[in-house]
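Ligands are counted one by one from 1 in listed order, and the atoms in each one are counted from 1 as well.
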Amino acid sequence: MSRKSPFNTAQNIFTDRDVFDVEGFQPKELIERDEQINEYASALEPVLNGWRPNNIFIYGKTGTGKTATTRYMLDWLRRDIEDHNEAGDDEIDLSIVYLNCEALTSSYQVAVELLNELRDEHEQVATRGHAPSDIYNWLFEELDEIGGVVLTVLDEVDNVGDDDTILYKLSRPEIENATLGVVGISNDFSFRDDLSAKVKDSLCEKEILFPAYGSEELREILFQRAEKGLHADAYDTAPVALSAAYAAQDKGSARQAIDILREAGDIARREDADEITEEHVEEAKGVVERGRVSEMIQGLSPHGQYALHALAIAERRDETPIRTKDLYEFYGSICNQHATDPLSARALRDHMSEIDLIGLATVDKKNAGRAGGKYKQYDLDVKVDRVVEAFAETDAVEVDETSYQSTL
Ligand SMILES: Nc1ncnc2c1ncn2[C@@H]1O[C@H](COP(=O)(O)OP(=O)(O)O)[C@@H](O)[C@H]1O
Ligand SMILES: [Mg+2]
């Protein structure tokens with residue numbers, strides 16, 4: 001063993017790096033979300049009298065504080081109810097069920113997951129093979145048994161796509177011993193627009209929009225973390241402001257802003273620097289963007305990747321926004337290069353919706369009136385170079401640059 005350890009534990013930069021853990025760290029104070037907190041509070045308030053809360057639908061792009069604000073509200077709700085019950089007033093019986101639907105792509109899967117969450121370990125149901133009606137009946141039996149007020153929070157519920165049955169069922173339950181409230185949280189605006197009318201009526205008693213953050217707000221969010229997690233002399237206003245400005249220019253996501261500053265800290269640390277500079281932030285921005293894009297690409301199916309690749313080619317050729325039939329030509333030739341048959345145009349549209357959902361592209365529904373009819377057009381939502389770089393790193397689809405040239 002050589003005498004020098006490979007680990008560098010010098011702590012010039014971070015006092016607590018975990019503060020920059022986007023999922024793990026919950027700030028005690030939320031910056032600039034008073035309006036949302038007030039609306040949220042007024043919708044949940046009836047619970048503090050033992051009544052049914054309003055059903056709530058929360059929407060906004062990723063990184064706008066929906067999950068953090070929800071956690072904050074639920075913590076206060078639990079605390080206030082505890083105080084109330086300790087004071088010996090009429091006891092309020094509240095149960096909260098929180099579920100992140102990230103990996104759940106249908107209402108059925110969400111229902112099974114909820115059911116299993118509520119059931120004992122030895123009574124779990126399999127994720128396949130049951131009739132949906134059985135699953136829903138069992139779920140309501142469990143909820144009924146819990147009794148009191150049961151608040152179900154479905155985070156990232158837009159993953160269920162077109163099938164919003166679970167929201168319908170939970171928002172107008174016929175149940176005897178329990179009072180139900182539901183909070184649905186969505187990263188996707190079109191999910192809200194596409195909710196069936198009956199769900200909209202019952203779920204959206206209260207709707208709360210979380211707008212993207214501007215650079216001032218992101219700056220404050222970053223300073224809040226920096227004060228907790230960085231050495232006071234390891235940062236200055238300039239690099240923090242730059243991290244905030246980059247994230248604001250892009251998607252206005254606090255997640256992205258925090259990622260950039262943490263990465264800048266890591267780079268500074270690796271260089272044994274004493275402080276984070278604007279150059280570190282610059283470099284960090286590239287790393288974060290590349291990481292995000294390639295992570296998303298790896299999550300796509302092969303044909304999803306071909307579809308994205310096709311869109312990148314269209315962008316390179318200045319042909320975006322592009323309509324389905326034109327995109328289909330590029331897509332077809334990419335399938336050719338991969339010795340695969342192209343799927344139908346309809347399937348291509350579905351793949352593009354998925355790519356829209358994860359934020360790599362935007363789909364616009366256009367209406368050209370009587371003569372033109374309705375159509376969709378697509379645009380890339382990230383820099384085309386990032387997509388090309390990410391494809392180059394991914395094994396799943398082999399992209400040689402010539403595939404661009406040959407089509408260019
Ligand atoms: N207003 C805010 N004040 C402080 N931190 C915030 C605020 N909004 C978001 N964050 C932080 O940014 C990150 C992303 O926020 P999150 O709530 O997960 O976004 P969303 O659920 O909308 O995608 C989390 O680490 C969260 O704590
Ligand atoms: Mg969230």
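- Here the heavy atom of the protein found nearest to atom 12 (O) of ligand 1 is Ala254 CB, 3.3 Å.
- Side-chain contact annotation: His280 with Glu271, donor-acceptor N/O pair under 3.5 Å present.
- Under 4.0 angstrom from ligand 1, there are no non-hydrogen atoms of Asp155.
- For ligand 1, the polar-atom distance check finds an N/O of Val22 within less than 3.5 Å of one of the ligand's N/O atoms.
- The shortest heavy-atom distance from Gly60 to ligand 1 is not under 4.0 Å.
- The proximity of Ala68 to ligand 1, defined as any non-hydrogen pair under 4.0 Å, involves the side chain as well as the backbone.
- Evaluation of the ring pair (Phe, Tyr, Trp, His ring centres under 6.0 Å) test over residues 184-227, restricted to residues two or more places apart or in two chains, returns Tyr59-Phe189.
- Annotation for Thr320 and Glu315: closest pair OG1-OE1, 3.0 Å, computed over non-hydrogen atoms.
- Close approach of ligand 1 to Tyr213 (heavy-atom distance below 4.0 Å) involves ligand atoms 1 (N), 2 (C), 7 (C), 8 (N), 9 (C).
- Defined by atom type and a distance below 3.5 Å, a donor-acceptor pair is present between the side-chain atoms of Asp155 and Thr67.
- The protein heavy atom nearest to atom 23 (O) of ligand 1 is Gly63 N, 2.7 Å.
- Within the 4.0 Å heavy-atom criterion, the part of Arg225 lying near ligand 1 is the side chain and not the backbone.
- Between Arg255 and ligand 1, an N or O atom pair is found at a separation short of 3.5 Å.
- At distances below 3.5 Å, at least one donor-acceptor pair connects side-chain atoms of Asn137 with backbone N or O atoms of Ser133.
- Within the 4.0 Å heavy-atom criterion, both parts of Lys66, backbone and side chain, lie near ligand 1.
- Around the Mg ion (ligand 2), protein atoms of type N, O or S found under 2.8 Å number 1.
- Taking every heavy atom of both residues into account, Phe25 and Lys228 meet most closely at CZ-CD, 3.8 Å.
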Using side chain to side chain donor-acceptor pair (under 3.5 Å), reason through Asp163 and Ser106 one step at a time and then give a plain yes or no. CA-CA 6 Å; Asp163 159 31; Ser106 69; 4.9 Å; no
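- Side-chain atoms of Gln36 and Thr69 form no donor-acceptor pair, as typed in the model, at a separation below 3.5 Å.
- Atom OH of Tyr328 and atom SG of Cys335 lie 7.5 Å apart (nearest 0.5 Å).
- At least one heavy atom of Gln224 sits under 4.0 Å from some atom of ligand 1.
- Contacts between Phe210 and ligand 1, counted as non-hydrogen atom pairs separated by less than 4.0 Å, are absent for every part of the residue.
- When atom types are taken as modelled, the side chain of Asn54 and the backbone of Ile56 share no donor-acceptor pair closer than 3.5 angstrom.
- For the pair Ile297 and Val387, the tightest heavy-atom approach, listed with the atom from each and the gap, is CD1-O, 4.1 Å.
- Residues Gln337 and Tyr306 bring no donor and acceptor atom of their side chains to less than 3.5 Å of each other.
- For the residue pair Tyr40 and Thr70, a side-chain donor N or O sits within less than 3.5 Å of a side-chain acceptor on the partner.
- Residue Thr67 touches ligand 1 through backbone and side chain together, judged by heavy-atom distances below 4.0 Å.
- Set against the non-hydrogen atoms of Arg33, the atoms of ligand 1 under 4.0 Å away are 1 (N).
- Near Thr62, the atoms of ligand 1 lying under 4.0 angstrom from a non-hydrogen atom of the residue are 23 (O).
- The distance from the OG1 atom of Thr324 to the CZ atom of Arg346 is 12.0 Å, given to the nearest 0.5 Å.
- A side-chain N or O of Gln256 and one of Asp250 form a donor-acceptor pair less than 3.5 Å apart.
- Residue Thr64 has at least one heavy-atom neighbour below 4.0 Å for each of these atoms of ligand 1: 19 (O), 20 (P), 22 (O).
- Ligand 1 has an N or O atom lying under 3.5 Å from an N or O atom of Gly65, backbone or side chain.
- A donor-acceptor contact closer than 3.5 angstrom is absent between the side chains of Asn187 and Thr62.
- Ligand 1 has an N or O atom lying under 3.5 Å from an N or O atom of Ile31, backbone or side chain.
- Close contacts of ligand 1 with Pro27, meaning ligand atoms under 4.0 Å from a residue heavy atom, involve 4 (C), 5 (N), 27 (O).
- Between Ile221 and ligand 1, a contact under 3.5 Å exists for no N or O pair.
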